[in-house]
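Report on one structure; see the data block that follows.
Within every chain, numbering begins at 1; the chains are lettered A, B, ... in the order of the sequence lines, protein sequences first and strands thereafter.
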There are 2 protein chains.
Amino acid sequence: MPGGGRIQHAALARKVVPADVAAAMIGPGATVGMSGFTGAGYPKEVPLALARRIAEANASGAHFKINVWTGASTAPELDGALASADGIELRLPYQSDPVSREKINSGQMEYIDVHLSHVAQMAWMGFLGHLDVALVEVSGITADGDLVPSSSVGNNKTWIDQADSVILEVNSWQSSDLDGMHDIYYGTALPPNRRPIPLVRPGDRIGEPHLRCPPDKVVAVVETDSPDRNTGFSPPDESSRRIAGHLIEFFEHEVARGRLPHGLLPIQSGVGNVANAALAELAQSRFENLAAYTEVIQDGMLSLLKTGAFSVASATAFSLSSDAVSEFNDNVRDYRDKIVLRPQEISNHPELVRRLGVLAMNGAIEVDIYGNVNSTHLMGSRIQNGIGGSGDFARNAYISFFVTPSTAKGGAISSIVPMVSHVDHTEHDVHVIVTEQGLADLRGLAPRRRARLLIDKCAHPDYRPLLEDYFERALSGAFGRQTPHLLDEALSWHARYVQTGSMVPRR
Amino acid sequence: MPGGGRIQHAALARKVVPADVAAAMIGPGATVGMSGFTGAGYPKEVPLALARRIAEANASGAHFKINVWTGASTAPELDGALASADGIELRLPYQSDPVSREKINSGQMEYIDVHLSHVAQMAWMGFLGHLDVALVEVSGITADGDLVPSSSVGNNKTWIDQADSVILEVNSWQSSDLDGMHDIYYGTALPPNRRPIPLVRPGDRIGEPHLRCPPDKVVAVVETDSPDRNTGFSPPDESSRRIAGHLIEFFEHEVARGRLPHGLLPIQSGVGNVANAALAELAQSRFENLAAYTEVIQDGMLSLLKTGAFSVASATAFSLSSDAVSEFNDNVRDYRDKIVLRPQEISNHPELVRRLGVLAMNGAIEVDIYGNVNSTHLMGSRIQNGIGGSGDFARNAYISFFVTPSTAKGGAISSIVPMVSHVDHTEHDVHVIVTEQGLADLRGLAPRRRARLLIDKCAHPDYRPLLEDYFERALSGAFGRQTPHLLDEALSWHARYVQTGSMVPRR
C-alpha cells in the first residue's frame with residue numbers, strides 16, 4: 001500500500017472498532033459469509049469474540065447459533081471456537097475441523113457438503129437463503145475503498161456482494177506485497193445473462209486485483225496482526241513416494257504414447273500429504289515448465305515455482321506450513337508474476353477445468369472394485385471433511401486420478417472395498433486409481449475388467465484374496481453381470497469394521 | 001438437395017455398392033463408430049448385412065465380433081441384430097435394446113456406460129483405442145462431397161474424423177428439407193488448444209450445416225430408403241400427469257419468488273413417457289416463448305414448437321413416434337428455424353449447460369433418502385439402459401430435477417429406498433425429486449432434513465412407515481449422524497426383492 005497504513009480510505013478508517021464491538025453486530029440466527037480457505041485468509045478475531053459472546057449467552061440458557069458459510073476449511077480460531085461454543089446451526093460448504101466434525105457426527109450441527117464451484121452461484125440464486133453479514137479478512141483497503149484480498153479469495157466477492165452488511169478484518173500480518181497477485185473476475189452473472197469466461201491459459205488475468213465493496217455497506221473494520229494457522233506437512237513417507245512414483249511413470253508413458261504433451265497439461269492437486277509428496281517427486285522428474293490450475297498452493301508447489309519446474313500456478317488460496325509461509329512472505333514479489341489467486345467459482349469452474357484439460361489428482365477415502373470413489377464418509381455415515389473441489393475437477397478433467405494408501409488404521413481398513421459405503425465420484429468420472437501398490441488405468445474398461453485390474457494393481461496383498469473371492473462369487477451369484485454385487489455382503493466389510501475394529505474376518 | 005438425386009458428388013456416386021459388399025469391409029475385431037441416437041439416424045442396412053455375415057461365420061465356429069460405438073441407443077436393425085448374432089464384443093456409450101441388455105447382464109457382452117458429452121473427447125484423446133470404420137447415415141451428399149446429416153447428429157463428426165475409413169448410408173426416406181437444420185461445430189480441439197465455445201442462447205448457430213468428409217476416406221456408399229424405428233409414447237397416465245403437475249407448480253412458485261425468470265430458463269427433458277407428459281402439461285400452462293436446450297426432441301416438444309409455447313429447441317436427435325414423424329417430414333420447412341441439431345458434445349457440453357442455466361429434468365430408477373440417484377442399475381448389478389446425458393445436465397444445471405413414479409412392478413418396488421444400490425448422481429448434484437406423491441426441494445438442506453422431506457413428500461404411503469422406521473433407527477444406531485445408515489440393512493430392500501420378488505417384508 002502506498003503511504004503507510006493498511007486502511008487508506010478515510011471513512012472506513014473511522015469505522016475501526018475492537019473485535020467484540022464488531023462481533024456484537026452479529027445476532028442469533030444470523031447467516032454469516034466468512035472468508036477462509038484451507039486455513040488461509042480467514043477472519044482471526046471477530047469469530048473468537050463472537051464465540052465468547054455465544055458461549056456466555058448459551059451458558060445462561062439462550063439458544064444463540066448462527067449459520068456459517070465460508071470458502072472451505074478455516075482454523076481453530078473460527079470453526080473450532082464457534083463449534084466449541086455450540087454456536088453453529090448450519091455449516092457449509094466444507095470443513096475439516098475436529099470439533100466441528102464431532103458436533104456434526106453426533107447430530108448437533110447441520111452440514112451441507114457442496115461442490116466448491118457451486119457455492120457462489122447457489123448463493124446468488126437464492127437457493128441457500130438470505131445472507132446477513134459478510135465477515136472478510138483483507139490485507140488492506142485502498143484510498144478508493146477497494147479491498148486488497150489476503151491469502152485466500154474463496155467466496156469473498158460473493159459474500160460482499162450478497163450480504164446486507166460487511167465486517168472487515170484488516171490483517172497487517174499478511175504481506176502488503178500480495179497486492180497485485182489476485183484476479184477478481186466480475187463477469188459472472190445469473191442466466192440468461194452468462195457469457196463465456198475469457199480464460200484460455202492457467203495464468204491469464206481476466207479480472208481486477210481488488211474486491212469491490214461500497215464503503216456504506218461496511219459496518220465495522222477490525223485491525224488484526226495474526227498469522228494464518230496453516231498446518232505443516234509430514235515429510236513424504238514411503239507410501240506417498242511410491243504413489244508419486246507411479247504417477248510420474250504414468251505421465252511419462254502417456255507422453256511417450258502421444259496422449260499428453262511434453263509439458264503435460266495444467267495440474268490440479270488436492271490438499272494433503274500425498275498430493276504434496278507427488279509434487280516433490282515432480283521436482284525430481286524431467287518435466288519442466290509445467291502449470292498448475294488448482295485450488296490451493298501448498299509447500300511443494302511453492303518450491304516448484306521457485307526452481308522453475310512450474311512456470312505458473314492459478315489457485316484460490318495458499319495452504320503453507322509455517323516455514324514455507326515465512327519464506328513466502330519475505331519474497332512475495334518474486335512470486336507475484338507466477339501466482340494468480342482467483343475466486344473459487346473461477347479456480348474450480350467446470351467450463352475452465354474442461355477447457356484447460358486439467359490433470360486432476362485427488363485423495364480418496366475408499367474406492368470400490370468398479371471404480372466408484374468415496375471422498376467424504378467413514379463407514380457410510382460419519383463425515384470426515386467434505387467433497388471440496390474434487391468433483392469440480394474430476395468430472396471435467398482430461399484425466400482424473402484418485403490416490404490413497406491401500407490400507408488405513410494399520411491395515412484394519414482396506415481402501416479397496418467391494419462396494420463403497422458412500423459415493424462422491426461415480427464410475428463415470430474416475431479414470432485412474434493409484435495406491436502404493438500400483439496404478440490401475442480404468443479408461444476404456446467395462447466394469448468387470450475394472451474390477452480385475454483394481455484388485456490386481458491397487459489392493460493390498462492382505463486384502464487381495466478377499467476381494468477376488470467376493471468378485472468371483474458375485475460373478476456367479478449376482479442379479480446381473482454388468483456390475484456384479486452380492487447385496488448381503490457388499491457392505492459387510494464396513495459393518496465388520498464397526499463391530500470388530502477391523503475389516504479382516506475373524507477365523 | 002438441388003438437382004434431384006441424393007448423391008451429388010460424382011466420385012462418391014461411383015462408390016455405391018449393395019449393403020453386403022459394404023458389410024464385407026468390416027472384419028473381425030474391428031471397432032466401428034456408427035451413427036444413431038435414440039432410434040434416429042442410425043444405419044439401416046449395413047448392420048443387418050453385417051449381422052448375417054457374423055451369424056454365418058460364428059455358426060461355422062469362427063469368433064467374429066466387433067466393437068460398436070454410437071451416439072446413444074439405436075434400433076433392432078442395429079443393436080438387436082448384431083447382439084442376436086453374438087457379434088458385439090464391446091458396446092459404448094449407451095444402449096436400450098432388449099437383446100443387448102440380456103447379453104450384457106448375462107456377461108456375454110461388455111458395456112461401458114459413459115457421459116454422452118465425454119465420448120467424443122475420449123475418442124479424440126485415444127483413451128478408447130483405435131477407431132477403424134465410421135458407418136454413418138446421412139440424408140444426402142453435396143456436390144462438394146460434404147454430408148447432409150439425417151435425423152440425428154450424435155458423434156458422427158468425431159467418427160468421420162477419427163476413423164481410418166468411412167461407409168455412408170444415404171437414406172432417401174429422410175426428408176431432404178432437413179438440410180440447413182444442423183449446426184456442426186468444428187471449433188473443438190484437444191487441450192491446450194481449446195477456446196471458449198461461442199454459444200450464449202439455445203438457438204445460436206455456431207457451426208456449419210454439413211459434415212466435412214474427405215471423399216477419399218469413403219470406401220463405400222449404400223443407398224437406403226428406410227424409416228427410423230422410433231417407438232411411440234404411451235398417452236400420459238395419471239402418475240405422469242401428477243408428476244408434471246408438481247413440476248409446473250414448482251416453476252410457478254420459483255417465478256413468484258424471483259428465482260426463475262418469467263420465461264423460465266432453457267429446459268432439458270430426458271427421454272421417456274414422464275418427460276413427454278411433462279411437456280404436455282407445459283403446453284397447458286401459462287408459460288410461453290420457452291426454449292429447450294436438450295438431447296432429444298420428442299413428440300411433446302414438436303407440438304410445443306408448433307403452438308409457439310416453445311420458440312426454439314436445440315438437441316442432437318429426434319425421438320418421434322410414427323405419427324409425429326409423418327407430420328414432421330411433411331412440414332420440415334416450418335420447423336427449420338425453430339430447431340437446431342448439434343453434435344452431442346455440444347448439445348450436452350458442461351460449459352454450455354452451466355452457462356445457459358438449464359432446468360434439467362431426468363428420470364431416476366431409484367432415489368435414496370439422502371438424495372442420491374440411481375439411473376442405471378436394477379438391484380445394484382443389472383444394467384437397464386445407461387446414464388446417457390443425465391449427468392452432463394444434472395451436474396451443471398441451474399436446477400436438477402429427477403422424476404420417477406414412487407413405486408414400480410405394481411408396488412413390489414419402492415423408488416425411494418434407504419440406500420440406492422448404484423449411484424449415478426450423488427447427493428451433491430441433486431436438487432429436486434418428484435414422484436406422483438409430491439415434490440421434495442432438497443436445495444440448501446443437510447442430509448437428515450433431506451431424508452425427512454423425501455420420505456414425507458415423495459415416498460408411496462405403503463413404504464413411508466418402513467422408511468421412517470429405517471431412518472429413526474439409523475439416527476440412533478449409525479456410525480455417524482451426518483448420513484445415518486445401518487450397514488446391515490441399507491441394501492436389504494433390494495436383497496429382499498431379489499429373494500422374494502417384493503421389497504415389502506413378509507410378516
Side-chain angles (χ1 to χ4, degrees), chain A residues 90 104-107 110-115 125-129 190-192 194-198 200 259 261 265 350-351 354-357 372 377-383 387 391 395-396 398 422-424 426 428 443-444 446 478-485 487-488 490-491 494-495 498, chain B residues 90 104-107 110-115 125-129 190-192 194-198 200 259 261 265 350-351 354-357 372 377-383 387 391 395-396 398 422-424 426 428 443-444 446 478-485 487-488 490-491 494-495 498:
Chain A
L90 171 72
I104 292 167
N105 284 313
S106 63
E110 301 213 4
Y111 177 50
I112 312 180
D113 181 19
V114 189
H115 294 300
M125 290 164 176
F127 293 175
L128 301 173
L190 286 183
R194 288 184 177 152
R195 293 292 174 271
I197 301 171
V200 296
R259 292 194 294 225
L265 285 167
E351 172 175 339
R354 165 95 169 218
R355 182 179 303 147
L356 295 171
N372 300 284
H377 283 68
L378 302 181
M379 309 303 139
S381 293
R382 186 188 292 262
I383 195 141
I387 192 168
R395 167 69 68 88
N396 296 292
Y398 188 81
H422 184 90
V423 179
D424 294 291
T426 73
H428 315 281
R443 294 174 299 171
F479 188 63
R481 291 192 196 165
Q482 169 70 359
T483 308
H485 269 304
L487 293 164
D488 292 333
L491 298 174
H494 303 86
V498 171
Chain B
L90 172 71
I104 292 167
N105 284 314
S106 63
E110 299 211 3
Y111 177 49
I112 313 180
D113 181 20
V114 189
H115 294 300
M125 290 165 176
F127 293 175
L128 302 173
L190 286 183
R194 289 185 176 151
R195 294 291 175 271
I197 300 172
V200 295
R259 292 192 295 226
L265 285 167
E351 173 175 337
R354 166 96 168 216
R355 182 180 303 149
L356 295 171
N372 299 283
H377 282 69
L378 302 181
M379 310 302 138
S381 291
R382 185 187 293 260
I383 193 141
I387 192 168
R395 169 67 70 88
N396 296 292
Y398 188 83
H422 185 91
V423 178
D424 295 290
T426 72
H428 315 282
R443 294 174 299 170
F479 187 62
R481 291 192 195 163
Q482 169 70 359
T483 308
H485 269 304
L487 293 164
D488 291 333
L491 299 174
H494 303 86
V498 171

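Contacts with chain A were tallied for B/Arg259, B/His377, B/Arg443; B/Arg443 has the most, counting heavy-atom pairs under 4.5 Å. Looking only at heavy-atom pairs under 4.5 Å with chain B, the residue among A/Ala478, A/Gly129, A/Gly444 that has the most is A/Gly444. Between chain B and the options A/Gly126, A/Gly391, A/Ser381, A/Ala495, heavy-atom pairs under 4.5 Å are most frequent for A/Ser381. Ranking B/Pro196, B/Pro350, B/Ala490 against chain A, the residue ahead of the rest is B/Pro196, based on heavy-atom pairs under 4.5 Å. For the set B/Val114, B/Leu90, B/Leu356, B/Asp113, the count of heavy-atom pairs under 4.5 angstrom toward chain A peaks at B/Asp113. Comparing B/Leu190, B/Leu128, B/Asp424 by heavy-atom pairs within less than 4.5 Å of chain A, the highest count is held by B/Asp424.
At a threshold of 4.5 Å between non-hydrogen side-chain atoms, the residues A/Pro192 and B/Leu265 count as touching. In this structure, A/Arg395 and B/His115 have side chains that are in contact, with non-hydrogen atoms separated by less than 4.5 Å.
Heavy-atom distances place both the backbone and the side chain of A/His485 under 4.5 Å from chain B. Using a 4.5 Å cut-off between heavy atoms, B/His428 touches chain A through backbone and side chain atoms alike. For B/Ile197, the part lying near chain A is the backbone, with the side chain staying farther off; criterion is any non-hydrogen pair under 4.5 Å. For A/Asn396, the part lying under 4.5 angstrom from a heavy atom of chain B is the side chain only.
The two atoms that bring B/Val423 and A/Thr426 nearest to each other are O-CG2, 3.4 Å, heavy atoms only. Here the closest non-hydrogen pair linking B/Phe479 and A/Arg382 is O-NH2, 2.9 Å. Smallest separation of non-hydrogen atoms from A/Ile104 and B/Gln482: CG2-OE1, 3.2 Å. Pairing each heavy atom of A/Tyr398 with each of B/Pro191, the nearest pair is CD1-CG, 3.5 Å.
We find that A/Glu351 and B/Arg354 are not joined by a salt bridge, their nearest charged nitrogen and carboxylate oxygen being 4.0 Å or further apart.
B/Thr483 and A/His422 are not linked by any side-chain donor-acceptor pair at a separation below 3.5 angstrom, with hydrogens and angles left out of the test.
The CG atom of A/Leu487 sits 7.5 Å away from the NE2 atom of B/His494 when rounded to the nearest 0.5 Å.
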